[in-house]
Enquirer: 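The structure that follows is given in the form of structure tokens.
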Amino acid sequence: MDQIETGSGSVLREYGSEQNLLSKPDGSATFLQGDTSVLAGVYGPAEVKVNKEIYDRATLEVVVQPKVGMSSVRERAREQCVRETCEAVLLSTLHPRSSLTLILQVVHDDGSLLSCCLNAACMALMDAGLPMGRLFCGVTCAIDSDSQIITDPTAQQERESRALMTFAIDSKERNVLMSSTKGSFSVKELQQCIALSQKASEKIFQFYRDSVKRRYSKIL
Amino acid sequence: MFIYLFQRLDGRQTYDYRNIRITFGTDYGCCTVSLGKTRVLAQVSCELVPPKDSRPTEGIVFFNLELSPMASPAFQPNRQSELLVTLNRQLERCLRNSKCIDTESLCVVSGEKVWQIRVDVHVLNHDGNLMDAASIAAISALSHFRRPDVAIQGRDITIFSPEERDPVALSIYHMPICVSFAFFQQGTYLLVDPCEKEEQVTDGLLVIAMNKHREICSIQSSGGIMLLKDQVLRCSKIASVKVSEITDLINKALENDKRVRKEGGRFGFAESMPKERITALKRDEAPVEMTVYPFNFVLLSCCMNLCVRIPVSSPVIVATGTGQLGEGVQSTWGLEEEDEEDECQGEMDKEEKKKKKAEKDEVMVISDSEEEEVVVLNPEAPYVFSLFSEYSYQ
């Protein structure tokens, strides 16, 4: 049994979400982690352009829109991370020759942006009622200069860290669906961060369950 | 049909606006406006840039409105539609041409550095009347925005961070707000603040940008309907009433936000999220327990042991951004000319080698063509070789 010395950094900031807040998209959700806020909208299953259609599954398109300026390579990288995660969980073979569009708008970035995008995406997909094999959530860990591991870092903590990693964890077996890292770290630190993210993901999955229970409390 | 009966789909009267809700974010210059179900996000940012040549003492204000694909399935990313161009142009005319922002105060060093204020407006949900919502969001965000304070000493500019000195508000003379009127049946019926369904059946649209001092900043009529003079005057009277109501609302929201920030309370979008809805839920800070699942460690460490260890010297980091692997080995790049000739074409005899060396000091004429002019740069050289004619492989 190994204990990680995480100190006071291993807290998840205050988080919250609101679903179905936009009338036009089929599913929408906003997810807040501390001051970081991302708004997600989903359209689908809808008609797909002939040049993008896949004969046996749905085509997923992810768009990340920054708040200021045009979208650049950074947004494309985030789109790729979110798309790979969603394609791993969505049962896209139930909707062949259809398109699923997921749009993420960054409302405020105060650190842990990619994990906030993943969480907002999952809640929006749930709101849209798209069939998924499992749920997913995103957790960000940062390793600061004292080799302390901080979960859900703020922008200030991210800037001062020597390594930053984001993991997408699935709900069934707590597997890692996607990982995106920056900086240098040892193998042991990576393992510790993954284990810590898996532990933190439990809180987020419980939050998903509570949100859905609350939402359908008048019906059930 | 409904218009004949003077009834609207959502039960409003002819001159009624939908509910307007303005919320500000954590950083200065960020604002979300909900006009009924239409939702718009605006963000103001600033940057020091060289000024335009034609106006060296004025700052630059740049507007960018984007129709997010989230707002409607008809909006595709990176597609210039007519609606987008119309909205952008109208927003520019309303805010830039009305000179509501004092651009002279944005000048730092005349002719060299001025502030460029950039307003990005994102349309998040399209339920009609994007123009009004965008103009309210833009002017609220501009009024909320604070730029960093600067100190000028001769030619040196010092920009203070928000922690060092409080940021400074922009100087805004007045708040122009657009009011949209939708016309039906060749101008017989008119509606204020059309929703999306009403917009789709409208004959023409009249947008009046006005401020609360009853000054008209811009009028735009589209759709090709013919309007009578008294119709336009009537619309402007209605607009002045609506604009003064909306301006009061914006000022109240700004005051609220200022008060909360001063008192040290919580502000930002996190606080403005409605807590009493069943579609919304919030959780407080939660610590993550520190014990670790042991089997994850074992699985991963087994994988690491199976890897073959290749002996590699560890890199030496001399300074940030550099790395050095190995030390003191002679560079094997960039071989000498003799070495190069030794390796290739062993059948060349010594005479040819000497010729080749001499050649390299002379001018090489590549082409045999007699039409080209031959320019000899070293006139004292005894001969000039043509590369292709001399070499023959034996």
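These values consider heavy atoms only, across backbone and side chains, with no hydrogens, waters or symmetry-generated copies.
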Enquirer: What part of Ser45(B) gets closer than 4.5 Å to chain A, counting heavy atoms only: side chain, backbone, both or neither?
Expert: side chain
Enquirer: Measure across Lys37(B) and Ser23(A) and return the closest heavy-atom pair with its distance rounded to 0.1 Å.
Expert: CD-CB, 3.5 Å
Enquirer: Roughly how far, to the nearest 0.5 Å, is the CE atom of Met123(A) from the OG1 atom of Thr279(B)?
Expert: 10.0 Å
Enquirer: What distance do Ser68(B) atom OG and Leu104(A) atom CG have between them, rounded to the nearest 0.5 Å?
Expert: 9.5 Å
Enquirer: Is it the side chain or the backbone of Tyr43(A) that comes within 4.5 Å of chain B heavy atoms, both, or neither?
Expert: side chain
Enquirer: Pick whichever of Gln105(A), Lys203(A), Gln19(A) has the most heavy-atom pairs under 4.5 Å with chain B.
Expert: Gln105(A)
Enquirer: For the interface with chain B, which of Val63(A), Val212(A), Val107(A), Asn20(A) has the highest count of heavy-atom pairs at distances below 4.5 Å?
Expert: Val107(A)
Enquirer: What's the shortest heavy-atom distance between Lys67(A) and Cys30(B), and which atoms?
Expert: NZ-SG, 3.4 Å
Enquirer: Spell out, as yes or no, whether a donor-acceptor pair under 3.5 Å connects the side chain of Asp120(B) to the backbone of Val68(A).
Expert: no
Enquirer: Taking CD in Gln76(B) as the centre, count heavy atoms belonging to other residues, nucleotides or ligands within less than 6.0 Å. Is the count above 12?
Expert: yes
Enquirer: What part of Leu39(A) lies closer than 4.5 angstrom to a heavy atom of chain B: side chain, backbone, both or neither?
Expert: both
Enquirer: Restricting to non-hydrogen atoms, name the atom on Gln65(A) and the atom on Pro69(B) that form the minimum distance, rounded to 0.1 Å.
Expert: NE2-CD, 3.9 Å
Enquirer: Could you grab the distance from atom CG of Asn125(B) to atom OG of Ser28(A), nearest 0.5 Å is fine?
Expert: 7.5 Å
Enquirer: Given that the side chain runs from C-beta out, which part of Ala42(B) has a heavy atom under 4.5 Å from chain A: side chain, backbone, both or neither?
Expert: neither
Enquirer: What residue, out of Ser72(B), Pro77(B), Ser34(B), Gly25(B), has the most heavy-atom pairs lying under 4.5 Å from chain A?
Expert: Ser72(B)
Enquirer: Chain B heavy atoms under 4.5 Å from Asp127(A): which part of the residue, side chain, backbone, both or neither?
Expert: neither
Enquirer: Quick check on Leu21(A) against chain B: is it the side chain, the backbone, both or neither that has a heavy atom closer than 4.5 Å?
Expert: both
Enquirer: Taking atom CG as the centre, does Asp146(A) end up with more than 12 heavy-atom neighbours from other residues, nucleotides or ligands that are less than 6.0 angstrom away?
Expert: yes
Enquirer: Once you round to the nearest 0.5 Å, how far does NZ of Lys24(A) lie from CZ of Arg39(B)?
Expert: 15.5 Å
Enquirer: On a heavy-atom basis, which atom in Gly41(A) and which in Met70(B) lie closest, and how many Å separate them?
Expert: CA-CG, 3.9 Å
Enquirer: What distance do Arg283(B) atom CZ and Asp210(A) atom CG have between them, rounded to the nearest 0.5 Å?
Expert: 4.5 Å
Enquirer: How far apart are the closest heavy atoms of Glu66(B) and Met70(A), and which atoms are they?
Expert: OE2-SD, 4.3 Å
Enquirer: Knowing that exactly one of Arg215(A), Glu18(A), Lys213(A), Arg214(A) qualifies, which makes a side chain to side chain contact (heavy atoms under 4.5 Å, CB included) with Leu281(B)?
Expert: Arg214(A)
Enquirer: Need one label for Arg118(B): side chain, backbone, both or neither, based on atoms under 4.5 Å from any heavy atom in chain A.
Expert: side chain
